[in-house]
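Keep in mind it's a predicted model, so treat the numbers as computed, not measured. Within every chain, numbering begins at 1; the chains are lettered A, B, ... in the order of the sequence lines, protein sequences first and strands thereafter.
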Protein chains: 2
Amino acid sequence: MDYSQASLDKHKQFKGKIGIVSKFGPIVTREDLSTAYTPGVAAVSKLLAVEPEKAYDYSIKSNAVAVVSDGSAVLGLGNIGPYGALPVMEGKALLLKEFAGIDAYPIVLATQDPDEVISIVKNIAPGFGGINLEDFSAPNCFYIEDKLKAILNIPVMHDDQHGTAIVVLAALINSLKLSGREAVTTKVTICGSGAAGTAVSKLLYLFGVKDIIMVDSKGIISKDRTDLNDAKKEFLVFTNPQNLSGDLATAVTSRDVFIGVSGPNLLTPEMVKRMASKPIIFAMANPVPEIDPQVAKEAGAFIIGTGRSDYPNQINNVLAFPGVFRGALDHRVTKITDDMKLAAALALASYLPDSELSVDKILPSPLDKGVVAVIAAVIR
Amino acid sequence: MDYSQASLDKHKQFKGKIGIVSKFGPIVTREDLSTAYTPGVAAVSKLLAVEPEKAYDYSIKSNAVAVVSDGSAVLGLGNIGPYGALPVMEGKALLLKEFAGIDAYPIVLATQDPDEVISIVKNIAPGFGGINLEDFSAPNCFYIEDKLKAILNIPVMHDDQHGTAIVVLAALINSLKLSGREAVTTKVTICGSGAAGTAVSKLLYLFGVKDIIMVDSKGIISKDRTDLNDAKKEFLVFTNPQNLSGDLATAVTSRDVFIGVSGPNLLTPEMVKRMASKPIIFAMANPVPEIDPQVAKEAGAFIIGTGRSDYPNQINNVLAFPGVFRGALDHRVTKITDDMKLAAALALASYLPDSELSVDKILPSPLDKGVVAVIAAVIR
């Protein structure tokens, strides 16, 4: 189903998706005004001026997340700027509220200069308990996130990277289980070496997948390539152990797993047939996946997952980011570490009992609101 | 009454004052998720990417105001930084919601460098329909506001200046009426030449008060002073027509009106006795006014107003800023002009019919929610 018109209509009807509400109730009496505002608020201000840590107890900070984007890589739409990004960031804020009870606010930026972005986020951080970076393009996203994690003492996460990686690893863990594979001997090909592909490759490697091939628009990322930027050169350290070269068809030959975070219809039925037996395919390009799920099944896919809600096995970040931020806020985590991401993936993978797993159900539904608590519990 | 403990308790109980709410209702079904977020939201993003003006129709922008502070001049507490400022900015956001239905969000800054502040506000502006600058110290506040007004095409207002000026002018208009004075022949002394004093002096002058004396901590601001910064030199153009010099006692001698936006207990009963007959006194220092209202009355004050809620004649910005921003948003105003501020002051002054005016009731109650609409109507 195409939700475009329904979405346009509803956004116009409500003029966006989120609003502000008073936690103090209505302001009716002199006492209401004097407690929420002057003169009473001066006592709170004086306290926080000398003990800033108490902002967690006396202000919105402990439950506030900024959803920040420069609009440089929005959904699968590319560099569409802050206004294009705004409905997505509002959506993220809405999901953080509805799934995890977090008060998040969208901040879309009129600059795409990475140092300006860092300066802005650093300087608006005092009122927030966490920063959700969103839809920043590679390689700037790596630089921005690294710097902010080093500067700030609140959790910072680029969800396109790490939220995606957590959900993909959880999907992979259950798919390996269903197909009788072990991570250490599984051959994975990742098509797409941007923000998501990079984080997925790193988290899979940390989990124990030792044979990973990365593919970008020019083919397999190998030591023979002379066109690699610094971010892509990093892949050479831990991927492509046999230093294979070639195109995507070569890259998928005899591989157990295809993970697509790239573009529409890049994986053909012929390529699926060249993969190992019982191939596992996550075709997550949005809105049009790397291969149509029906076509993939007919070509022999054992498991096919996509980012879409209208096919089985939806691999959607909403399974991860609400729980990650809920846990980070609740446990006053200052950095979201690799160990936490691995723990989150394992918690998500084991959310469904083995008896409920099947090739058409490798993950819980993105609408399952029980997921948040199990992920939040391990972000500490 | 001292509201300090009640305010501390309530802030701690609720962990701050504002939260986020979904305007789309709960996210329960696949359709909810696909309409609020992917894939449906892509249609909204594509539209806003090519027609950014439609952000007013399809996003939160049309009703969103950022309440921004660097914490350099918070209430009467001075430079207490972003954490000290946060409860006040939350309070402002709460009042904008409760009085004017505006969805405002507090942004407190970790920098007090004026050019950094300008860069940050400029770059976070796309998601907002207006910017409420708050508790910035003079003279930076003038530079920051001027630059942002020039750069941005959404309304920007430093409320400590202009909200205060609107309410003071409205209070003055009604006080002149009650005391049988005309603005053009009224002698006004303003004690305090920071953000509020500056804006009050300018708006009173525009309204038609031609004899204004400004006083700072060194005495009357006159051409004989050699210690004036650029902001204070501007006063020489339109204030102190007789070039008087001297201390505060000299500055109030034979004057009709004293307006205090300075510090506690600066105005003595002896000074009040040196003023013209039927003196009008607005002693707005917070929390301790320039003179105790009872003491002022005993010394002969005809009208005494303060910023406090526990005496008559509360001169509080909440009478102005919700209506100003409501009108600016509703009428898609890009600059809040002097004419609009004058119109707002006149609208506020005439809100109470003459028959209800008295020396103890020169303005409506700050809790009177009917005020917003009459001010909003003239901000266009």
Trainee: Could you measure the distance from the CG atom of B:Asn123 to the CD atom of A:Glu116? Nearest 0.5 Å is fine.
Mentor: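 The CD atom of A:Glu116 is 5.0 Å from CG of B:Asn123, to the nearest 0.5 Å.
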
Trainee: Relative to B:Phe24, does A:Lys10 satisfy both conditions: NZ or CZ under 6.0 angstrom from the six-membered ring centre, and within 45 degrees of the ring's axis?
Mentor: yes

Trainee: Given the options B:Gly40, B:Ala6, B:Gly19, which has more heavy-atom pairs under 4.5 Å with chain A than any of the others?
Mentor: B:Gly19

Trainee: If you count heavy-atom pairs under 4.5 Å with chain A, which of B:Arg308, B:Glu31, B:Gln13 comes out on top?
Mentor: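 Heavy-atom pairs under 4.5 Å are most numerous for B:Glu31.
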
Trainee: A:Asp2, A:Asp310, A:Thr29, A:Asn316: which one forms the most heavy-atom pairs within less than 4.5 Å of chain B?
Mentor: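 The candidate making the most pairs under 4.5 Å is A:Thr29.
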
Trainee: With only heavy atoms counted, which part of A:Pro126 is less than 4.5 Å from chain B, the side chain, the backbone, both or neither?
Mentor: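 Interface part for A:Pro126: both.
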
Trainee: Picking from A:Ile20, A:Ile18, A:Ile102, which has the most non-hydrogen pairs under 4.5 angstrom with chain B?
Mentor: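 Looking at each of A:Ile20, A:Ile18, A:Ile102 in turn, A:Ile20 comes out on top.
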
Trainee: Would you mind telling me which of A:Ala104, A:Ser119, A:Ala93 has the largest number of heavy-atom pairs within less than 4.5 Å of chain B?
Mentor: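 That would be A:Ala104.
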
Trainee: Can you tell me which of B:Val21, B:Asp9, B:Asn286, B:Val318 forms the most heavy-atom pairs within a distance under 4.5 Å of chain A?
Mentor: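 Highest number of heavy-atom pairs under 4.5 Å: B:Val21.
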
Trainee: Can you give me the closest heavy-atom contact between A:Ser22 and B:Glu98, atom names plus distance?
Mentor: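 In this case the closest contact between A:Ser22 and B:Glu98 is CB-OE2, 3.5 Å.
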
Trainee: May I ask you to name which of A:Leu109, A:Leu367, A:Val108, A:Ile120 has the most heavy-atom pairs under 4.5 Å with chain B?
Mentor: A:Leu367

Trainee: Working to the nearest 0.5 angstrom, can you tell me the gap between B:Leu33 CG and A:Phe99 CZ?
Mentor: 5.5 Å

Trainee: Please rank B:Val44, B:Leu96, B:Val41 by heavy-atom pairs under 4.5 Å with chain A and give me the top one.
Mentor: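 Among the listed options, the one with the most contacts to chain A is B:Val44.
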
Trainee: Taking every heavy-atom pair that is under 4.5 Å apart, which of B:Lys97, B:Lys61, B:Lys15 has the most such pairs with chain A?
Mentor: B:Lys15

Trainee: Is there a donor-acceptor contact under 3.5 Å linking the side chains of A:Ser7 and B:Thr35?
Mentor: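 Their side chains do not contain a donor-acceptor pair, so the 3.5 Å distance test is not met.
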
Trainee: Given heavy-atom pairs under 4.5 angstrom as the criterion, report whether the side chain, backbone, both or neither of A:Ile27 touches chain B.
Mentor: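 A:Ile27 touches chain B through backbone and side-chain heavy atoms alike.
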
Trainee: Which one of B:Leu95, B:Thr38, B:Leu47 has the most heavy-atom pairs closer than 4.5 Å to chain A?
Mentor: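 If we count pairs closer than 4.5 Å to chain A, B:Leu95 comes out on top.
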
Trainee: With rounding to the nearest 0.5 angstrom, report the CG to OG distance, A:Leu77 to B:Ser45.
Mentor: 6.0 Å

Trainee: Over all heavy atoms of both residues, which pair between A:Ile60 and B:Pro106 is shortest? Give the atoms and the distance, please.
Mentor: CD1-CG, 3.7 Å

Trainee: Describe, in one word, how the ring planes of A:Tyr37 and B:Phe321 are oriented to each other, choosing from parallel (under 30°), tilted (30 to 60°) and perpendicular (over 60°).
Mentor: tilted

Trainee: Using modelled atom types and a 3.5 Å cut-off, is there a donor and acceptor pairing between side-chain atoms of A:Asp57 and backbone atoms of B:Lys12?
Mentor: no

Trainee: Taking atom NZ of B:Lys17 and atom OG of A:Ser59, what is their separation to the nearest 0.5 Å?
Mentor: 9.5 Å

Trainee: Would you say the side-chain atoms of A:Lys54 and B:Tyr83 include a donor-acceptor pair closer than 3.5 Å?
Mentor: no

